[in-house]
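Encoded as structure tokens, the structure appears first; notes follow it.
Below, chains carry the letters A, B, ... as their sequence lines are ordered, and counting in each starts from 1.
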Number of protein chains: 2
Amino acid sequence: MNDSRGRNAAATTATATADASAAATAAATGSAGKGLRRDAAENRARLLRAAWEAFAEQGPDAGVEEIARRAGVGMGTLYRRFPTKDALINELSEVIFESILEHARMSAALGADRAPGQPSGLEESLFHMGEVMAGHHGCLSRLWQASPPPDQDERRTELWQLMDRMLDQAKASGDVRPEVTLTDVYLSVIALRSLVDDTAGQAPDLWRRYLEVVLAGFRPAPGARPLAYQPADDSLVRHGLPKRRH
Amino acid sequence: MNDSRGRNAAATTATATADASAAATAAATGSAGKGLRRDAAENRARLLRAAWEAFAEQGPDAGVEEIARRAGVGMGTLYRRFPTKDALINELSEVIFESILEHARMSAALGADRAPGQPSGLEESLFHMGEVMAGHHGCLSRLWQASPPPDQDERRTELWQLMDRMLDQAKASGDVRPEVTLTDVYLSVIALRSLVDDTAGQAPDLWRRYLEVVLAGFRPAPGARPLAYQPADDSLVRHGLPKRRH
DNA sequence: CATGAAGCGGAGATCCAACTCCGGTTGGCC
DNA sequence: GGCCAACCGGAGTTGGATCTCCGCTTCATG
């Protein structure tokens, strides 16, 4: 294990995790859990929390039996609440995504109203993404996967529009050079997601270091070579990636 | 699909792929295939090639039956040559790794003898890694996984020593700023691996763009902030990551 | 060319994780 | 309290993947 060097890394991570946990509870007892008998609604919430823990500890290979056991309910209950294991995972992804989108909305709304020297909205959003993802490592495989349910698709579009706006702001304030595209940001997020998942067990904060390098790579520099390989358009961002196969 | 923009991307990729294919054949007919009857050795080679293709097309979930079918042999033959499916995958990883190590040896040996403005050995090696990995997407999950067989472990150590040397050279020639550590390079490679795999189907060259950004992030820049999160040591590089779970 | 050790194919045994089914129980409304 | 729809548990089914087994065939050697 890593002993959390650097600034307040551990503290911010803990906060993000707590937020997400609260969000999971909210999702469980909120709209999706309405119309259920009290015991049923509570079991639904327990299942989501159990799944969240199980996936964080064992990755998405954690078995449904394990999840039911942790939640203290039977298999039947699990499958009455969630028609498939995938549905359960999607629900969790939803919670993660919601947190990311919410933060991006606030960050974008804040716009360029920042003290000079403060991190740009783009930077802030990317670090927030990392934190939320680190708090849910193991549940990330469904994030940004192609062809999500339509309502989720709409919200994904919104997120990337916000990111695009923040990218423009960052360029305007000189934090990012003009040739950087939304696709570049997208690629960084995809890579960040994998890195968070891969290093979660051994060095849960190291993704920050990677993200700093990438952000440095976005920054304008006098003698910098232009990027040679131009991505044509943002179709990748708009359509997402196919389901992971590993 | 992507239409291979920028420089000679397609050409270099094709070369790397051909190299790797040849390497696969060599591995099959070489030392590992010695002592086998002619038909058996040939079947071994066919199996490796079939597995290589199947994994590239369908990811590591490609079934053993599919591999045997492609190779034109029966299941029995597959399992007589390779005790488990994992063993087969490890053999392929071995081939990929061999190509990477070989290139790193040459690149490191060339040292600082480069025309000014030419890419550093580090840069060249990273691009080569990307090319080889892109030519074998789907077979990468076992690469750099923790606790490989001892002989492989030794070679992994060698690779990262070479990378470390090239990192020093790059710092000396001003291509990389001093605070960048071997762990940073390692993280980039891990991220690159995932990115190559994730984007292989839709934008097989886009990893180049990502890698350029990272390399730009490594480059010295006058007003650059120092990286805040210091990795303590290179234990991650030395020990590798645990098996992926996705 | 005769011999047998090594190799071959592929049906089916085995394993494992997701999912279903149903007899018994519980919560909420009258 | 009484009723019943909704809910619960968990043993068992299903499906899909890996791996084994054995009667037949092929290669290499004397």
Review point. Can you tell me if B/Ser194 and B/Asp197 form a side-chain donor-acceptor pair at under 3.5 Å?
Key: no
Output the rounded distance in Å from [atom1] ([X]) to [atom2] ([N]).
X	N	atom1	atom2	answer
B/Leu78	D/dC21	CG	C1'	16 Å
A/Glu65	D/dG12	CD	P	13 Å
A/Asp39	D/dA5	CG	C1'	12 Å
A/Met75	C/dG23	CE	P	19 Å
A/Arg44	D/dC8	CZ	P	12 Å
A/Leu88	C/dA18	CG	P	11 Å
B/Leu47	C/dC8	CG	P	9 Å
A/Arg81	C/dT20	CZ	P	15 Å

Base, sugar-phosphate or nothing for [X]? Non-hydrogen atoms, less than 4.0 Å.
X	result
B/Arg69	nothing
B/Arg37	base
A/Gly76	base

If only side-chain N and O atoms of [X] are considered, is one of them under 4.0 Å from the OP1 or OP2 phosphate oxygen of [N]?
X	N	value
A/Asn43	D/dC7	no
A/Tyr79	C/dC19	yes
B/Arg80	C/dC8	yes
B/Thr77	C/dG7	no

Practice item. Identify which one of A/Arg46, A/Arg38, A/Arg44 satisfies the salt bridge (Lys or Arg N to Asp or Glu O under 4.0 Å) criterion when paired with A/Glu42. Key: A/Arg46
**Study point:** Greater than 12 external heavy atoms within 6.0 Å of A/Glu158's CD
**Key:** yes
Exercise for review: Decide, yes or no, whether a salt bridge links A/Arg238 with A/Asp233 under the criterion of side-chain N to carboxylate O below 4.0 Å.
Suggested key: no
**Study point:** Nearest listed nucleotide, side chain of A/Arg38, among C/dG27, D/dC7, C/dG7
**Key:** C/dG27
Exercise for review: Please state whether the rings of A/Trp160 and A/Tyr186 are parallel, tilted or perpendicular, taking 30° and 60° as the class boundaries.
Suggested key: perpendicular
